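None of the values given here were measured: they were computed from a predicted structure.
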Amino acid sequence: MNAEQNVDLTPFNTLALPGQAARYQRITTPEQLTAANLANEKRFILGGGSNLVLTGDFPGLILHMAIPGKQLLTEDAEAWYIEAGAGENWHDFVQWTLAQGWPGLENLSLIPGTVGAAPIQNIGAYGLEVGECFHSLTAWDFEKQAVVGFDRESCRFAYRNSLFKQQGWHLNGRMAITSVVFRLPKAWQPNIRYADVTQQLAAQEVARPTPLDIAAAIIAVRQRKLPDPTQIPNTGSFFHNPVVEAGLAERLATDYPGLPRYPQPDGRVKLAAGWLIEQAGWKGKNLGPVGMYEKQALVLVNRGGATGADVLRTMAAVQAAVQVRFGVALTPEPIFL
C-alpha cells in the first residue's frame, strides 16, 4: 500500500488547524486495511475531522476512512436494517434514509462527520443519541489481524462515549470501523420535546410533523445557531454538558434561577455547558485567533490562522472561568492529536 508522504492535514480537520502527517493513506475498501505492513505502524484513524484538534504534526500514518456504500440490508415486521460504509457523510446518509421512507435518524440531521465515527462518539442532538438506533458494526482489528463485529450491548454506549473511547482505540488506532448497521423501527414516533424544535415547527406552521418536517426544522435551528465550518472553522460543540451531583445543581439553581437543568436516571443533573460559558463572560469573546462563537457560546471557533496551541490556551481560559464562577469542571469533546 503506497502512502503519501508529509501530507498537510489542514483540509482534513474542520477547525482548519495546521499539521502534517508523516504518512497518509485514503481507505476506500476494507481490504486495504489488511496490508501486513500496517500492523506495526503508529496509526490514527481519521473520519471527517469534525471532532479533532490538531496540536501539531503527526509522526505516523493517518488512515483516512472513505469507504462508501449504503443499502437496506434487511427488514422484519418491526424494523428496517440499514448498512452504510464508514466513509459516508453522516448528514447525507441521514437525508438518504429519510428520502427512502426509513425514518428515525432525523433528529441527528446536519451533524458533521462520517458514519464510521458516529458510534465512537455516540453522537447525539435534540433528544436522540445514535446508540438508540444502532444495531451493529464491523471493524478491522489491527492487533488480532481479523475482522470483528460489535453489537449494541458490546459497544457500551454512554453520553458521548462508547467502548471505542473507553478502550482508547480512537487514539491508538487499534480498530478501524468499516461499516455500521442501523435499526430503524417501523413504529415511528416524532421526537420533538426540545423547545427549539417545537418553536421552529410552529414557525413553519407544522402541526403534525413528518420525519422530513422534523429534519427541516432541526436543520434550520442548527444553521441559525451554529457556524458553517467551511466559513468559520469549528468542531461544533466543544465541551460536554457537565453532569453534576444533585446537591451542587440545587445550590447553583438557588444562586442562578435561570440555570438549565436536566435530571439524569442516576440521580445526578446535567447542566448546559453553553449557558455556563455565556454566564462566565465568554460568549463572543476571543483570545488571540480563537474564541467562543457569538451565537452559541458552546462552539469554539478559529477566527483565522490559529494553531493547536491557540485552541488549548482558549480552552483552558474558558474552563478556568467556568470553574471559578460555578465550581463546575468542563471537559472538551474533541480528540486531541
Notebook entry, point to check: Same hydrophobic cluster for Val221 and Ile111, using side-chain heavy-atom links shorter than 4.5 Å among ILVMFWY?
Noted result: no

Next item on the list: Report the distance from atom CG of Leu38 to atom CG of Leu63, rounding to the nearest 0.5 Å.
Entry: 6.0 Å

Notebook entry, point to check: What orientation do His135 and Tyr81 show, parallel under 30°, tilted 30 to 60°, or perpendicular over 60°?
Noted result: perpendicular

Note to self: Using only atom types and a distance under 3.5 Å, with no angle test, would you say the side chain of Asn107 pairs donor to acceptor with the backbone of Asn191?
What the structure shows: yes

Note to self: Same cluster or not: Leu312 versus Leu17, using hydrophobic residues (I, L, V, M, F, W, Y) connected whenever any side-chain heavy atoms lie under 4.5 Å apart?
What the structure shows: yes

Margin query: Asn234 and side-chain contact (heavy atoms from CB on, under 4.5 Å): which single residue from Ser50, Pro112, Pro229 fits?
Written below: Pro229

Note to self: Once you measure the plane-to-plane angle for Trp90 and Phe93, does it fall in the parallel (<30°), tilted (30-60°) or perpendicular (>60°) bin?
What the structure shows: tilted

Note to self: Rounded to the nearest 0.5 Å, what separates atom CZ in Phe326 from atom CG in Leu252?
What the structure shows: 7.5 Å

Note to self: So which atom in Ala273 and which in Asn241 form the shortest heavy-atom distance, rounded to 0.1 Å?
What the structure shows: N-OD1, 2.9 Å

Check: Distance from Leu337 atom CG to Asp57 atom CG, nearest 0.5 Å?
Finding: 10.0 Å

Margin query: If we ignore hydrogens and angles and just use 3.5 Å, is the side chain of Arg325 paired with the main-chain N or O of Gln279 as donor and acceptor?
Written below: yes

Notebook entry, point to check: Is there a side chain to side chain contact (heavy atoms under 4.5 Å, CB included) between Gln25 and Arg43 once you walk through the steps?
Noted result: CA-CA 11 Å; Gln25 178 69 41; Arg43 298 176 303 274; over 6 Å; no

Next item on the list: Would you name the heavy atoms of Gly274 and Ala297 that are closest together and state the gap between them?
Entry: O-CB, 3.6 Å

Next item on the list: Report the distance from atom CG of Leu128 to atom OH of Tyr194, rounding to the nearest 0.5 Å.
Entry: 10.5 Å

Item checked: Worked check of salt bridge (charged side-chain N to carboxylate O under 4.0 Å, His left out) between Glu294 and Arg303 -> CA-CA 12 Å; Glu294 52 274 12; Arg303 301 291 185 186; 2.7 Å; yes

Check: Gln319 side chain to Leu330 main-chain N or O, any donor-acceptor pair under 3.5 Å?
Finding: yes

Checklist line | Close side-chain approach of Ile120 to Lys165, heavy-atom, < 4.5 Å | finding: yes

Next item on the list: Start with the C-alpha distance between Glu78 and Arg183, add both sets of side-chain angles, then the distance that settles salt bridge (charged side-chain N to carboxylate O under 4.0 Å, His left out), and finish with yes or no.
Entry: CA-CA 9 Å; Glu78 282 81 41; Arg183 181 185 185 276; 5.1 Å; no

Note to self: Do Gln121 and His170 have side chains that approach each other closer than 4.5 Å (heavy atoms only, starting at C-beta)?
What the structure shows: no

Next item on the list: With rounding to the nearest 0.5 Å, note down the distance linking CD in Glu83 to OG1 in Thr74.
Entry: 11.5 Å

Item checked: Any Asn122 side-chain heavy atom under 4.5 Å of Asn161 side chain -> no

Notebook entry, point to check: Does Arg26 offer a backbone N or O that forms a donor-acceptor pair with the side chain of Gln32 under 3.5 Å?
Noted result: yes

Notebook entry, point to check: With a 3.5 Å cut-off and no angle check, do the side chains of Gln200 and Arg224 form a donor-acceptor pair?
Noted result: yes

Notebook entry, point to check: Is Phe157 linked to Val148 within one hydrophobic cluster, defined over Ile, Leu, Val, Met, Phe, Trp and Tyr using a side-chain heavy-atom separation of less than 4.5 Å?
Noted result: yes

Next item on the list: Verify, without hydrogens or angle tests, whether Glu278 (side chain) and Leu276 (backbone) share a donor-acceptor contact under 3.5 angstrom.
Entry: no

Check: Under 3.5 Å, side chain of Trp140 to main-chain N/O of Leu33, donor-acceptor pair present?
Finding: yes

Item checked: Flag side-chain contact, heavy atom, 4.5 Å: Tyr256 against Trp275 -> yes

Check: Any donor and acceptor pair, going by atom type alone, linking the side chain of Arg193 with main-chain N or O of Gly127 inside 3.5 Å?
Finding: yes

Item checked: For Leu105 against Val94, the heavy-atom pair lying closest together -> O-CG1, 3.4 Å

Check: If every non-hydrogen atom of Asn302 is compared with every non-hydrogen atom of Gly304, which pair is closest and at what distance?
Finding: OD1-N, 2.7 Å

Margin query: Set out, in order, the CA-CA distance, both residues' side-chain angles and the distance that settles side chain to side chain contact (heavy atoms under 4.5 Å, CB included) for Val318 and Phe239, then state yes or no.
Written below: CA-CA 10 Å; Val318 172; Phe239 294 100; 3.8 Å; yes

Next item on the list: Would you kindly confirm whether Ile62 and Leu52 end up in one hydrophobic cluster when ILVMFWY residues are joined by side chain heavy atoms under 4.5 Å apart?
Entry: yes

Next item on the list: Taking the side chain as every heavy atom from C-beta outward, state whether Leu248 and Val328 have any atom pair closer than 4.5 Å.
Entry: yes

Item checked: Nearest-0.5 Å distance that lies between atom CD1 in Ile82 and atom CH2 in Trp96 -> 6.0 Å

Item checked: Closest approach of Glu88 to Gly69 (non-hydrogen atoms, all atoms of both residues) -> OE2-N, 2.7 Å

Check: Does His64 reach the main-chain N or O of Gly47 with its side chain, forming a donor-acceptor pair under 3.5 Å?
Finding: yes

Next item on the list: Treating Ile, Leu, Val, Met, Phe, Trp and Tyr as nodes and any side-chain heavy-atom pair under 4.5 angstrom as an edge, say whether Ile123 and Trp169 lie in one connected cluster.
Entry: yes

Check: Going by heavy atoms in the side chains, are Ile218 and Leu110 under 4.5 Å from each other?
Finding: no

Check: CD of Gln5: more than 12 outside heavy atoms within 6.0 angstrom?
Finding: yes

Checklist line | Heavy-atom closest pair, residues Pro209 and Ile214 | finding: CB-CG1, 3.9 Å

Next item on the list: Dump the intermediate steps for side chain to side chain contact (heavy atoms under 4.5 Å, CB included) on Arg156 and Ser162, then the final yes or no.
Entry: CA-CA 5 Å; Arg156 297 189 349 214; Ser162 72; over 6 Å; no

Margin query: Main chain of Leu72, side chain of Gln100: is a donor-acceptor contact present, judged purely on distance under 3.5 Å?
Written below: no

Next item on the list: Using a 4.5 Å cut-off on heavy atoms from C-beta on, say whether the side chain of Arg23 contacts that of Glu41.
Entry: yes

Checklist line | Side-chain donor or acceptor of Ser136 paired with backbone N/O of Asp151 under 3.5 Å | finding: no

Note to self: Measuring only between side-chain heavy atoms, which start at C-beta, is Leu300 closer than 4.5 Å to Thr235?
What the structure shows: no

Margin query: Please evaluate residues Val290 and Met315 with respect to the criterion side chain to side chain contact (heavy atoms under 4.5 Å, CB included), reporting the C-alpha separation (whole Å), side-chain torsions for both, the decisive distance (0.1 Å), and the verdict.
Written below: CA-CA 9 Å; Val290 175; Met315 178 187 77; over 6 Å; no

Item checked: Whether over 12 other heavy atoms sit under 6.0 Å from Lys144 NZ -> no

